[in-house]
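Read the numbers this way: they start at 1 and go in the same order the structure lists the ligands and their atoms.
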Amino acid sequence: MDIHTENKGVALVTGASAGLGRVYADRLAKQGYDLILVARRGDRLKEITESLQAKYGIKAKSLVADLSNPNDLRNVVDVLSTDTTISMLVNNAGIATLAPLIGTEKANVDAMNDINVTALIELCYAALPKFKARNRGTIINIGSVLSFYTLPISSVYSGTKGYVMNFTRGLQAEVEGSNVFVQLVLPASTATELWDLAGIPLKNLNESTLMSAENCVDAALAGLDQKELITLPSVEDKALWEAYDDARKKLFAATQNGEPASRYQLAS
Ligand SMILES: NC(=O)c1ccc[n+]([C@@H]2O[C@H](COP(=O)([O-])OP(=O)(O)OC[C@H]3O[C@@H](n4cnc5c(N)ncnc54)[C@H](OP(=O)(O)O)[C@@H]3O)[C@@H](O)[C@H]2O)c1
């Protein structure tokens with residue numbers, strides 16, 4: 001068992017019953033965080049909290065909640081609003097239905113919006129003022145490489161993850177200069193249950209493009225240690241993001257013009 005002397009506080013991790021969230025729970029417990037783990041499958045959360053308590057000597061609690069259910073979401077919001085020991089929020093829970101919009105069940109469209117967007121923003125809305133008031137705290141929002149790219153089967157999923165990216169970048173600007181830190185993590189394909197649930201069997205993916213959940217989270221946490229605002233676990237050349245971000249800023253500056261571009265002005 002690891003013994004920790006520094007009080008890291010409590011990390012609340014959503015989607016901790018599987019995939020990336022489960023690895024976040026393990027790694028944060030290893031760092032000495034106590035945990036509140038959120039997901040629907042209470043049996044899995046129980047097994048995970050018990051095993052992490054035994055392995056790392058931390059305290060871990062389950063908070064069973066369906067984040068697409070407003071009452072359950074309210075319970076998680078209440079915990080974030082009232083538990084002053086919470087020092088980290090990992091907004092990891094997310095789902096995907098990967099299919100063209102036409103033919104996707106409306107319930108699946110709604111669920112992606114509810115979990116990937118509404119729950120994430122509500123939890124940030126609860127946590128951020130508390131972290132700001134204490135001038136301490138970390139929010140990790142999990143986007144995707146489909147935050148900045150769209151496939152014919154990802155209109156809604158990319159839409160939700162684009163929201164996560166833009167929303168998180170705004171939060172980063174809001175907390176600049178304080179001791180509150182907001183990290184945006186943009187994973188590429190990672191070997192988790194998400195794919196089978198999304199309608200794309202994991203076994204059909206090109207293995208050479210798939211990262212393990214452990215490598216993805218370890219890279220993301222290394223990025224956090226390096227105070228990276230945006231972490232792309234699988235991208236070797238950091239300059240690619242910088243060029244993209246720079247182009248975004250230049251394009252925005254070019255819009256601040258007040259006149260139609262000359263190509264839209266009819267010759268009189
Ligand atoms: N896997 C990838 O290739 C990939 C790539 C880029 C980004 N991401 C993002 O990474 C994050 C984690 O995904 P993952 O790949 O680890 O997926 P995963 O293995 O399917 O795990 C998803 C987690 O979210 C929880 N969850 C799903 N619906 C929920 C609901 N209604 N209420 C509460 N919890 C719910 C699940 O728990 P329960 O079922 O027990 O509720 C599970 O713990 C997501 O935001 C995903 O979009 C994944």
Task: N/O donor-acceptor pair under 3.5 Å between S144 side chain and K161 backbone - done: no

Open item on the list: Between the side chains of D245 and K249, is the shortest nitrogen-to-carboxylate-oxygen separation below 4.0 Å, so that they form an ion pair?
Closed with: yes

Open item on the list: Given T192, D43, D196, identify the one with the heavy atom nearest to atom 19 (O) of ligand 1.
Closed with: T192

Open item on the list: Taking A93's backbone N and O only, do any of them form a donor-acceptor pair with T14's side chain (distance below 3.5 Å, no angle check)?
Closed with: yes

Open item on the list: Checking the N or O distance criterion of under 3.5 Å, is ligand 1 in contact with G15?
Closed with: yes

Task: Protein contact of atom 28 (N) of ligand 1 - nearest heavy atom, named by residue and atom, plus distance - done: R40 NH2, 3.3 Å

Task: Sidechain-backbone polar pair: N135 side chain, S178 backbone, donor-acceptor under 3.5 Å - done: no

Open item on the list: Please check this pair: side chain of Q53 against backbone of A60, looking for a donor-acceptor N/O pair closer than 3.5 Å.
Closed with: yes

Open item on the list: Any salt bridge linking E214 with R27? Criterion: basic side-chain nitrogen under 4.0 Å from a carboxylate oxygen.
Closed with: no

- [ ] Would you tell me which option among G42, A39, S68 has the nearest heavy-atom contact to atom 34 (N) of ligand 1?
- [x] A39

TODO: Say whether S68 and D114, considering side chains only, have a donor N or O and an acceptor N or O under 3.5 Å apart.
DONE: no

Task: atom 21 (O) of ligand 1 [closest protein heavy-atom partner, distance rounded to 0.1 Å] - done: A18 CB, 4.0 Å

Task: Check: V164 main-chain N/O paired with T168 side-chain donor or acceptor under 3.5 Å - done: yes

Task: N/O separation below 3.5 Å, S144 to ligand 1 - done: no

Open item on the list: Does only the side chain of I95 get under 4.0 Å from ligand 1, or the backbone, or both, or neither? Count heavy atoms.
Closed with: side chain

- [ ] Using a 4.0 Å heavy-atom threshold (strictly under), name the region of K161 that reaches ligand 1: side chain, backbone, both or neither.
- [x] side chain

- [ ] Can you pull out the closest protein heavy atom to atom 22 (C) of ligand 1? Residue, atom name and distance to 0.1 Å, please.
- [x] G94 O, 3.9 Å

Open item on the list: Contact between ligand 1 and G143 is defined here as a heavy atom of the residue under 4.0 Å from a ligand atom; is it met?
Closed with: yes

Open item on the list: I'd like to know if the side chain of N116 and the backbone of T160 have a donor-acceptor N/O pair within less than 3.5 Å.
Closed with: no

Task: Heavy atom of the protein closest to atom 6 (C) of ligand 1 (residue, atom name, distance) - done: P187 O, 3.2 Å

Open item on the list: Using a 4.0 Å heavy-atom cut-off, which part of A111 comes near ligand 1: side chain, backbone, both, or neither?
Closed with: neither

Task: Salt bridge flag under 4.0 Å for residues E193 and R41 - done: yes

TODO: Counting heavy atoms only, name the option from L67, L197, L194, I48 that's nearest to atom 13 (O) of ligand 1.
DONE: L194

TODO: Give the atoms of ligand 1, by number and element, whose distance to some non-hydrogen atom of S189 is under 4.0 Å.
DONE: 3 (O)

Task: Location of contacts on I115 toward ligand 1, heavy atoms closer than 4.0 Å - done: side chain

TODO: Identify the protein heavy atom lying closest to atom 31 (N) of ligand 1, giving its residue, its atom name and the separation to 0.1 Å.
DONE: D66 OD1, 2.8 Å

Open item on the list: Check K250 with D246, please: is the shortest side-chain N to carboxylate O separation under 4.0 Å?
Closed with: yes

Task: Donor-acceptor pair, side chain of D34 and main chain of V10, under 3.5 angstrom - done: no

Open item on the list: My understanding is that only residues two or more places apart in sequence, or in another chain, count here; which of them pass side-chain contact (heavy atoms from CB on, under 4.5 Å) with A188?
Closed with: V145, S234

- [ ] Do me a favour and list the nearest non-hydrogen protein atom to atom 42 (C) of ligand 1 with residue, atom name and distance?
- [x] S17 OG, 3.6 Å

Task: For atom 33 (C) of ligand 1, the option (of A93, S147, A65, A25) bearing the nearest heavy atom - done: A65

Task: Any A16 heavy atom less than 4.0 Å from ligand 1 - done: yes

Task: Top protein contact for atom 9 (C) of ligand 1, by heavy-atom distance - done: I142 CG2, 3.8 Å

- [ ] Mark yes or no for whether S154, through its side chain, and Y157, through its backbone, hold a donor-acceptor pair below 3.5 Å.
- [x] no

TODO: Run the numbers for me: atoms of ligand 1, each under 4.0 Å from some heavy atom of N92, listed by number.
DONE: 11 (C), 12 (C), 44 (C), 45 (O)

- [ ] Below 4.0 angstrom from a heavy atom of G19, which ligand 1 atoms are there? Numbered from 1 as shown, please.
- [x] 16 (O), 19 (O)

- [ ] For E193, take its heavy atoms, then give the atoms of ligand 1 lying under 4.0 Å from any of them.
- [x] 19 (O), 20 (O)

Open item on the list: For atom 47 (O) of ligand 1, what's the nearest protein heavy-atom neighbour? Residue, atom name and distance, please.
Closed with: Y157 OH, 2.6 Å

